[in-house]
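Following: one structure in structure tokens, then a few remarks.
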Amino acid sequence: NSIENLIEYVAASVGVVNMELADTGASKEIWMSKKLPNVAPDVKVPIGLGLQTTSCGVGVLITEIDPNTCAARSDLCVGDCILSIEDVVPKSPKHAVELILSTQDAIKFIIVDSSAEVAPR
């Protein structure tokens, strides 16, 4: 959670230290409607997201988007990393699903866009 902690951790390590850096791309806001056109308002529509934890522990990764679902009609993409849902940071994929299901009509996501160009390192 800080550079000082990282320095202490690496200094105390023996042998090789493997690290993964979270993407440095800019985050963006995406809205997803929980309704589909030409579907009665009382019909429950599938969200259609496959989610998993990230290897670095930051955010929740979108691994699958099912066709003909709310997610497929949104700007979410496979590979996007969800940082927050309705301004709440999901602790796990299960928590992300709970947050999604608890909203009424539209859901606000903050994501790191998988298609954004990353600055040279």
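We number each residue from 1, following the sequence as shown. The model shown is predicted, which means the values in this text are computed figures rather than measured ones.
- Between the CG atom in Asp80 and the CD1 atom in Ile62 there is a gap of 5.0 Å [rounded to 0.5 Å].
- Proximity of a side-chain donor or acceptor of Glu86 to a complementary backbone N or O of Lys108 within less than 3.5 Å is detected.
- Side-chain contact between Val60 and Ser92: absent, with no pair of heavy atoms (C-beta onward) separated by less than 4.5 Å.
- No more than 12 heavy atoms of other residues, nucleotides or ligands sit less than 6.0 Å from atom CD of Gln104.
- Between Cys81 and Gly59, the closest heavy-atom pair is SG-CA, 3.7 Å.
- The structure places CG of Leu76 at 12.5 Å from CH2 of Trp31, a figure rounded to the nearest 0.5 Å.
- The two atoms that bring Gly79 and Leu61 nearest to each other are O-CD1, 3.5 Å, heavy atoms only.
- Between Ile85 atom CD1 and His95 atom NE2 the span is 8.0 Å, to the nearest 0.5 Å.
- Note that NZ of Lys35 and CZ of Arg73 are 14.0 Å apart. Values are rounded to the nearest 0.5 Å.
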Go through the steps to decide whether Leu51 and Ile82 satisfy the test side chain to side chain contact (heavy atoms under 4.5 Å, CB included), and finish with yes or no. CA-CA 9 Å; Leu51 304 173; Ile82 299 170; 4.0 Å; yes
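- By the criterion of side-chain heavy atoms lying less than 4.5 angstrom apart, applied directly or through intervening Ile, Leu, Val, Met, Phe, Trp or Tyr residues, Ile111 is grouped together with Val97 in one hydrophobic cluster.
- Once rounded to the nearest 0.5 Å, the distance linking CG of Leu99 with CG of Asp87 reads 10.5 Å.
- Looking only at distances, no side-chain donor or acceptor of Thr103 sits under 3.5 Å from a matching main-chain atom of Ile107.
- Thr69 contributes no side-chain N or O that, together with a main-chain N or O of Pro46, makes up a donor-acceptor pair within less than 3.5 Å.
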Run Ile110 and Ile30 through side chain to side chain contact (heavy atoms under 4.5 Å, CB included) and show every step you take. CA-CA 6 Å; Ile110 302 296; Ile30 290 181; over 6 Å; no
Test side chain to side chain contact (heavy atoms under 4.5 Å, CB included) applied to Thr63 and Val78, step by step: CA-CA 5 Å; Thr63 58; Val78 170; 5.6 Å; no
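- Within the 3.5 Å criterion, the main-chain N or O of Tyr9 finds a donor-acceptor partner in the side chain of Ser13.
- In this structure the side chain of Met32 reaches within 4.5 angstrom of the side chain of Phe109, judged on heavy atoms.
- Ile100 contributes atom CD1, which lies 6.5 Å from atom CD1 of Ile47 (distance to the nearest 0.5 angstrom).
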Output, in order, the C-alpha distance, side-chain angles, deciding distance and verdict of side chain to side chain contact (heavy atoms under 4.5 Å, CB included) for Ile65 and Leu49. CA-CA 5 Å; Ile65 296 179; Leu49 282 175; 3.9 Å; yes
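- Heavy atoms only, all atoms of each residue included: Lys34 and Leu101 are closest at NZ-O, 3.4 Å.
- A distance-only check finds no donor-acceptor pair linking the side chain of Ser33 to the backbone of Ala106 [under 3.5 Å].
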